[in-house]
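Below is one structure, written out as structure tokens; the observations come after it.
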Amino acid sequence: MFTPGSQVRWWLLWAGWLYGLAGRIRATSYRRGWLARRKLPVPVVSVGNLTVGGTGKTPFVIRLAEGLSREGKRVAILSRGYRRGGAAPRLIVSNGAKVLGTPDEAGDEPYLMARRCPTAVVAVGADRYALGRWVLDQFPVDYVLLDDGFQHLAVQRDVDLLLVDATDFEGLRAVFPAGRLREPIGAAARASMIVVTKADRPEQAAAIADLLQPIIPGVPIAQAVFRPETLVSVADGSPQPLDWCRGKTAVLCSGIADPAAFRALAIRLGMTPVEHMIYRDHHRYTREDVTDVRAKAAAAKTDLILTTEKDAGKLAPLLAPSDGGWWAVRLGTDIVAGERELRELIAKASAGGTGTAYA
């Protein structure tokens, strides 16, 4: 499994070259009009990445949706719904007033976005243009946020935000399967703005900027960090302040792209992780998984079981309301550099290019 910081598999560079060549041909076909790019009748802001998972797209989309909603803008979030279990080609996860889909039907990330963005319409489907038209036929929308949209070139976008993980310099060195790149690094030139995420250490963010600057001359670079906001009970949603967990022991349980970052977060919060039950990204939990995690916690006599907010949505249906030992960390996104430029980009995408459109 590739995780941020994974070393390049040099023996697979030949396969990465072929994979990258296919990506270049596809991107060129869209750029030259050999493949059609269709435009939705409202501004589209795409959030995506170049690497396989782990850059923080979901919390960043949530941050954008929250900001637009505070400005009174009506937002629709369109997502593929990766590894969702529903058979329908399109699904409304939230109608902007109520969450309608389950984590299994919608996918874990769209479900989380629907929970965290209660006034946004959230929908999933593989064909994002058809999905967008379907949503716009049903709901009045001012902005469409395209989740994981950097490679979804069939939809035109007004703003193309490319997220790059500051802790994963190594991941930008080779194309899959030799490395973590979905496309050759030169594809970054398509971006309207680079957002360096997990930019807690300035030297790491600077190294990423130095690498990309020759590829994207004149393209603004922003920085974002993800900070824990609170702890939330997986069973009933009740909150606890972050300092409540300080000094406690925990079994960690996660199915995300960067489990090492989750463990580091638990330690920063003052917990002592006794064991970390790691599952593949987007894992569908079973009752047997819950039993296994409970058994580990009981054997180690830990104070709690800690998971991510993304995992919590899938775990909650498997727990009883009285099962108070399971907790999730809720993350927020702070844009620590380049926020003014980001505001201006999104404002220009609005009709007539006026208004603040984001805060």
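The shown structure was predicted, so the numbers you read here are calculated from the model rather than taken from an experiment. For this chain, numbers begin at 1 and follow the sequence in order.
- Between Leu212 and Leu162 the shortest side-chain heavy-atom distance does not fall below 4.5 Å.
- Lys248 pairs by the side chain to side chain donor-acceptor pair (under 3.5 Å) definition with nothing, not counting sequence neighbours.
- With sequence neighbours excluded, the residues forming a ring-ring contact (aromatic ring centres under 6.0 Å, His included) with Tyr19 are Phe176, listed by chain and number.
- Partners of Phe262 according to the ring-ring contact (aromatic ring centres under 6.0 Å, His included) rule, which considers only residues two or more places apart in sequence or in another chain, are His276.
- In the hydrophobic clustering (ILVMFWY side chains linked at under 4.5 Å, chained through shared members), Val225 is joined by Val336.
- Counting only heavy atoms from C-beta outward, the side chains of Val195 and Thr197 approach each other to under 4.5 Å.
- The side chain to side chain donor-acceptor pair (under 3.5 Å) check on Gln204 picks up nothing, with sequence neighbours excluded.
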Item to check | Trace of the salt bridge (charged side-chain N to carboxylate O under 4.0 Å, His left out) decision for Glu183 with Arg190 | outcome: CA-CA 12 Å; Glu183 302 180 73; Arg190 296 200 307 265; 2.8 Å; yes
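- Annotation: salt bridge (Lys or Arg N to Asp or Glu O under 4.0 Å) contacts involving residues 129-152, sequence neighbours excluded, comprise Arg74-Asp142, Asp148-Arg182.
- In this structure, the side chain of Glu275 does not engage the main chain of Cys253 through any donor-acceptor pair within 3.5 Å.
- By the side chain to side chain donor-acceptor pair (under 3.5 Å) test, Thr119 is found to be paired with Ser69, residues two or more places apart in sequence or in another chain being considered.
- For the side-chain hydrogen bond (donor to acceptor under 3.5 Å, both in side chains) condition, the pairs that include at least one residue of residues 293-318, sequence neighbours left out, are Asp108-Lys314, Glu109-Lys310, Arg116-Glu309, Thr249-Asp303, Asp281-Lys310, Tyr285-Asp311, Arg294-Asp323, Thr308-Asp311, Glu309-Arg330.
- Scanning for ring-ring contact (aromatic ring centres under 6.0 Å, His included) contacts around Trp244 gives Trp327, with sequence neighbours left out.
- The closest donor-acceptor contact from the side chain of Arg157 to the backbone of Ser46 lies at 3.5 Å or more, if one exists at all.
- Considering CD1 of Ile208 and CG of Asp168, their distance stands at 7.0 Å, rounded to 0.5 Å.
- For residues 203-218, the pairs satisfying salt bridge (Lys or Arg N to Asp or Glu O under 4.0 Å) are Arg201-Glu203, with sequence neighbours left out.
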Checklist entry - side chain to side chain contact (heavy atoms under 4.5 Å, CB included) between Trp326 and Val290: does it pass, once the steps are laid out? => result CA-CA 10 Å; Trp326 297 66; Val290 170; 3.7 Å; yes
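- Among residues two or more places apart in sequence or in another chain, the salt bridge (Lys or Arg N to Asp or Glu O under 4.0 Å) test is passed with Arg340 by Glu344.
- Residue pairs that meet the side-chain hydrogen bond (donor to acceptor under 3.5 Å, both in side chains) test with at least one member in residues 82-104, sequence neighbours left out, are Thr102-Glu105.
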